[in-house]
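Structure record follows, encoded as structure tokens.
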Amino acid sequence: MIRTAVAGVMGFILVFIESMIVMKLKGYSTIEFGGIAPFINVWAMNFFLVFAILTQITNWYQERTIGEKTEEENIY
């Protein structure tokens with residue numbers, strides 16, 4: 001649930017970061033997305049990118065904490 005919320009917000013933030021990069025590189029002062037549908041498509045791509053990254057980080061963290069617990073048990 002938290003991953004979904006964070007991915008939604010970060011996907012929205014990434015749209016604006018990407019827009020700023022394009023405006024600086026191309027020398028534009030504004031960007032026209034062409035309507036709400038293309039904007040939602042870009043947001044959805046960013047959402048799934050961030051969601052996948054957060055899923056991998058979550059899995060990595062869980063494996064790391066499990067590994068630390070087994071190492072503590074096998075000290076002797």
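Keep in mind the model is a prediction, meaning the values are calculated, not measured. The figures here come from the full heavy-atom set of this structure, side chains too, leaving out hydrogens, waters and symmetry mates.
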Distance-only side-chain donor-acceptor flag, Arg3 / Thr58, under 3.5 Å: no

Does any pair with a residue in residues 30-43 pass side-chain hydrogen bond (donor to acceptor under 3.5 Å, both in side chains), and if so which ones, sequence neighbours excluded? none

Say whether Ile2 and Val9 are linked into one hydrophobic cluster, either directly or through other cluster members, by side-chain heavy-atom distances under 4.5 angstrom. yes

Separation between CD1 of Ile31 and CZ of Phe16, rounded to the nearest 0.5 Å: 10.5 Å

Is any side-chain heavy atom of Asn46 less than 4.5 Å from a side-chain heavy atom of Glu18? yes

If hydrophobic clusters are built by linking Ile, Leu, Val, Met, Phe, Trp and Tyr wherever their side-chain heavy atoms come under 4.5 Å apart, do Val42 and Leu49 end up in the same one? no

More than 12 non-hydrogen atoms from neighbouring residues, nucleotides or ligands closer than 6.0 Å to OH on Tyr28, yes or no? no

Does Phe48 share a hydrophobic cluster with Val15, counting links as ILVMFWY side-chain heavy atoms below 4.5 Å and allowing steps through other members? yes

Answer yes or no: are there more than 12 heavy-atom neighbours, outside Phe33 itself, under 6.0 Å from its atom CZ? yes

Are Leu54 and Leu14 in one and the same hydrophobic cluster, where Ile, Leu, Val, Met, Phe, Trp and Tyr link if side-chain heavy atoms are under 4.5 Å apart? yes

Does Thr4 reach the side chain of Phe47, with side-chain heavy atoms less than 4.5 Å apart? yes

In this structure, would Ile57 and Ile66 fall into the same cluster of hydrophobic residues linked by side-chain contacts under 4.5 Å? no

Could you tell me whether the side chain of Phe51 reaches within less than 4.5 Å of the side chain of Val6, counting heavy atoms only? no

